Amino acid sequence: GATRYGFHEKNVVLDIVKTMEHKLKDLGINVAYTRDSDTFVELTDRSNLSNTINPDLFLSVHVNADVSTSPNGIETYVYKPTREELNLANSIQDNLIKVLPEFSNQGIHSKNIHVLRETYNTSVLAEVGYVSNKHDRNLLQEESIRDRVAQGLANGVYEFLENQEK
């Protein structure tokens, strides 16, 4: 994971997804991790695990990084912009922006990312800020912001699953 100025993406993301898990379980949604501790899991192992479990959706959570300090904000990626993946991406992106107005909305993008390309179920990757951007990095160091990121992700997952059942 990306590291800048003592900020470690892996620690922040693990904190966010563990908080998100509690929020989803409160809504009756089961969660499976590709990692639940400070360990590195190969990309192929992540997609293989998802394909074996065959969940309703696959959500990969990250903090982005760039060589420039200018890029900032929240963005969500899909591999192939199918209707289902765009619905999930919109649900995630919209709910993140709703609870995190301090972050800029960088929208939804299609990109060839291993875990999206090699995961067979509906999958998106959410980048919840930039470690290389001072504003985003400072915000993500606050526990209350990380809790709101987790809430936005949980709300997005819940909204997507509820709409799938209709």
Side-chain angles (χ1 to χ4, degrees), residues 1-2 8-65 73-100 103 105-131 136 140 145-166:
H8 300 279
E9 174 194 18
K10 64 181 184 171
N11 299 334
V12 170
V13 168
L14 192 57
D15 179 55
I16 289 168
V17 297
K18 285 189 170 191
T19 302
M20 178 189 70
E21 176 191 23
H22 295 295
K23 294 175 184 301
L24 287 171
K25 283 188 173 181
D26 289 345
L27 295 168
I29 299 170
N30 293 321
V31 175
Y33 291 108
T34 57
R35 76 175 180 103
D36 62 1
S37 63
D38 186 9
T39 56
F40 178 76
V41 179
E42 294 291 339
L43 296 177
T44 53
D45 293 336
R46 296 175 200 193
S47 53
N48 288 341
L49 177 62
S50 179
N51 293 335
T52 299
I53 294 170
N54 192 28
D56 293 325
L57 63 90
F58 178 88
L59 171 61
S60 188
V61 181
H62 297 270
V63 178
N64 215 336
I74 294 171
E75 52 202 343
T76 303
Y77 289 92
V78 298
Y79 173 56
K80 287 186 178 179
T82 65
R83 184 177 55 82
E84 267 197 355
E85 290 196 346
L86 286 174
N87 286 345
L88 176 57
N90 278 308
S91 185
I92 295 292
Q93 184 74 16
D94 291 351
N95 278 284
L96 283 169
I97 294 303
K98 190 181 304 178
V99 298
L100 296 158
F103 287 85
N105 183 350
Q106 297 300 331
I108 295 166
H109 309 280
S110 180
K111 191 170 182 181
N112 185 0
I113 299 171
H114 178 90
V115 294
L116 300 180
R117 182 184 68 242
E118 300 301 326
T119 301
Y120 302 144
N121 40 10
T122 303
S123 57
V124 300
L125 185 146
E127 294 279 8
V128 296
Y130 276 79
V131 66
D136 288 5
L140 288 167
I145 294 289
R146 293 192 307 273
D147 184 73
R148 286 169 39 211
V149 171
Q151 189 65 60
L153 292 167
N155 292 350
V157 167
Y158 181 77
E159 180 181 278
F160 171 77
L161 292 173
E162 284 293 297
N163 288 332
Q164 291 298 103
E165 294 176 9
K166 292 180 181 175

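The residues of the chain are indexed from 1 along the displayed sequence. A quick note: this is a predicted structure, and the numbers were derived from the prediction, not measured.
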* Structure fact -> Note: Glu118 and Asn51 closest approach over all heavy atoms is O-ND2, 2.9 Å
* Hey, could you give me the OH/CG distance between Tyr79 and Asn112, rounded to the nearest 0.5 Å? => 5.0 Å
* Asked: Got a sec, which residues hit salt bridge (charged side-chain N to carboxylate O under 4.0 Å, His left out) with Asp15, two or more places apart in sequence or on another chain?
  -> Arg146
* To do: Mind checking the CD1-CG spacing from Ile108 to Leu88? Nearest 0.5 Å is all I need.
  => 9.0 Å
* Would you please test Val115 and Leu125 for side chain to side chain contact (heavy atoms under 4.5 Å, CB included) and show each step? => CA-CA 8 Å; Val115 294; Leu125 185 146; 4.2 Å; yes
* Verdict with reasoning, Tyr77 to Glu127, per side chain to side chain contact (heavy atoms under 4.5 Å, CB included) -> CA-CA 8 Å; Tyr77 289 92; Glu127 294 279 8; 3.7 Å; yes
* Walk me through it: do Tyr158 and Ile29 pass the test side chain to side chain contact (heavy atoms under 4.5 Å, CB included)? => CA-CA 8 Å; Tyr158 181 77; Ile29 299 170; 3.7 Å; yes
* To do: Could you pull out the closest heavy-atom pair between Ala126 and Ile92, with the gap in Å?
  => CB-CG2, 4.1 Å
* To do: Please check if any side-chain donor atom of Glu84 sits under 3.5 Å from a side-chain acceptor atom of Gln164, or the reverse.
  => yes
* Asn105: side chain to side chain contact (heavy atoms under 4.5 Å, CB included) partners, not counting sequence neighbours -> Gln93, Ile97
* Closest non-hydrogen atom pair, Asn121 against Pro55 -> ND2-CD, 2.8 Å
* Structure fact -> Here the pair of heavy atoms bringing Gly152 nearest to Asn95 is O-CB, 3.3 Å
* Do Gln151 and Asn155 have side-chain atoms, one donor and one acceptor, less than 3.5 Å apart? -> yes
* Asked: Once you round to the nearest 0.5 Å, how far does CD of Glu85 lie from OG1 of Thr119?
  -> 9.0 Å
* Taking C-beta and beyond as the side chain, do Val131 and Asn64 meet within less than 4.5 Å on heavy atoms? -> no
* For Asn87 and Phe160, run side chain to side chain contact (heavy atoms under 4.5 Å, CB included): C-alpha distance rounded to whole Å, both residues' side-chain angles, the deciding distance at 0.1 Å, then the answer. => CA-CA 7 Å; Asn87 286 345; Phe160 171 77; 4.1 Å; yes
* To do: Measure the OG1-CG distance between Thr76 and Leu153 for me, rounded to the nearest 0.5 Å.
  => 8.5 Å
* Asked: CG of Leu161 to OG1 of Thr122: how many Å apart, nearest 0.5 Å?
  -> 9.5 Å
* For residues Phe103 and Val128, report the shortest heavy-atom separation together with the two atoms involved. => CE2-O, 4.2 Å
* Leu86 side, atom CG; Ser91 side, atom OG - distance, nearest 0.5 Å -> 12.0 Å
* Structure fact -> From the list Asp136, Val63, Leu140, side-chain contact (heavy atoms from CB on, under 4.5 Å) with Tyr130 holds only for Asp136
* Structure fact -> For His109 and Glu75 the tightest heavy-atom approach is NE2-OE1, 3.6 Å
* With a cut-off of 6.0 Å (strictly less than), are more than 12 heavy atoms of other residues, nucleotides or ligands near CG of Asp26? -> yes
